[in-house]
Amino acid sequence: MANGGPVQHGFPHLETVRASITALYRRLSYDTIQTFSASVAPADVAFADTDDLYLGAQRVARELVRHYRLPDARMIVGFREMHHAANVELAAGPEYFVELNDRFRTHRRDIGAALAHEVMHVYLHRLGLSFPGTRDNEILTDTATTYLGAGWLLLDAYREDSASSQKLGYLTPEEFGYVLAKRALVFSEDPSVWFTSPQAYTAYVKGLAEARHDEEQPPLTAAGWAGRRRYARDRRHAQDHHAGGDRPGVPYAFTPDGRGPLRVSFPCPTCQQRIRVPVRGRVRARCGLCRTVLECDT
């Protein structure tokens, strides 16, 4: 939790974020992810200053348990002094003890954001889905929280001015915006209407631009002129020299095939799983993981 300190910006964890989205689709399946088409509603996690601290925290926790479809999980919420925003004890269940930073006693509107992340830890624990290392696993948790409809709360908890700052989670504000945008493009959703933080809206706009950039990479037909020109040059080189492999800064890779046409692989702009298609002009490809239909010019 950045509390008054510097807030990291940009997209330093983008590779792990994309791997997290792919892992979600592989573990949950397309059909399960579609059941999360509705995000957590602001009214369901609202926390007024007049609400009882403990009863209110339990109510918000129950709402997030319901959203993640963990009906047999019970969250016991407490508060104590700590460095991090929150912590959850991952036991066998059905009861899980969540501790929130004492700061939330007076910053109650952000309790939902902290609980969204901690309850997702329980959800992923039950799925048996994790990444090695604390850093990557926390990035997975932030990404899953956001992609499954509760992460707008974490981005909305980001506030920064010349005198103070606050940010929850391991992702940068722009990376939260990126995952939110990925979700919005899948479910035709506009999460920006829920933001109370102007800085959150700015970060979302930057994340949306990065998410749209994924959809404009060759061999997709939506690629821009410069990308198409570079792709044609790389394709010609691969055909002339029967060479392939990854190239730095290029999302696609050509694979020579002595028994058939040259093939090109590239990440699906929705789930980031790599798709492999023959190089033969206009091709319509369907991602087997997220079922996105892609128009390509290979």
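What's counted below: heavy atoms across the whole structure, side chains too, no hydrogens, waters or symmetry copies. Residue numbers run from 1 in the order of the sequence given.
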[X], [atom1]: over 12 other non-hydrogen atoms inside 6.0 angstrom:
| X | atom1 | answer |
| --- | --- | --- |
| Arg135 | CZ | yes |
| Arg291 | CZ | yes |
| Arg280 | CZ | no |
| Asp49 | CG | no |
| Gln34 | CD | yes |
| His213 | NE2 | no |

Any chance the side chains of [X] and [Y] put a donor and an acceptor closer than 3.5 Å?
| X | Y | result |
| --- | --- | --- |
| Glu160 | His9 | yes |
| Glu138 | His117 | yes |
| Ser29 | Thr32 | yes |
| Tyr231 | Asp297 | no |

message = Testing Phe79, Phe47, Phe104 one by one against Tyr54 for a ring pair (Phe, Tyr, Trp, His ring centres under 6.0 Å), which residue passes?
response =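 By the ring pair (Phe, Tyr, Trp, His ring centres under 6.0 Å) criterion, Tyr54 pairs with just one of Phe79, Phe47, Phe104: Phe79.
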Within one Ile-Leu-Val-Met-Phe-Trp-Tyr cluster: Leu154 and Val193, side-chain cutoff 4.5 Å =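 As far as the 4.5 Å side-chain criterion goes, Val193 and Leu154 are connected within one cluster.
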message = Please say yes or no: joined through hydrophobic side-chain contacts below 4.5 Å, possibly via intermediate residues, are Leu185 and Val179 part of one cluster?
response =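 In one cluster with Leu185: Val179, no.
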ask   = Do the numbers put Arg126 on top of the ring of Tyr68, so that NZ or CZ is under 6.0 Å from the six-membered ring centre and no more than 45° off the axis?
value =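 Not satisfied by the 6.0 Å and 45° rule.
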query = Parallel under 30°, tilted from 30 to 60°, perpendicular over 60°: which one fits the rings of Phe195 and Tyr201?
reply =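 Perpendicular, since the angle between the ring planes exceeds 60°.
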ask   = Any Lys/Arg nitrogen of Arg18 or Asp214 sitting under 4.0 Å from an Asp/Glu carboxylate oxygen of the other?
value =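 Answer for the salt bridge query: yes.
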Ionic contact status for Asp44 with Arg59, cut-off 4.0 Å =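 Not counted as a salt bridge, because no side-chain N and carboxylate O are separated by less than 4.0 Å.
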message = Looking at every heavy atom in both Val277 and Ala285, which two are closest together, and how far apart are they?
response =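 So the minimum-distance heavy-atom pair works out to CG1-CB, 3.8 Å.
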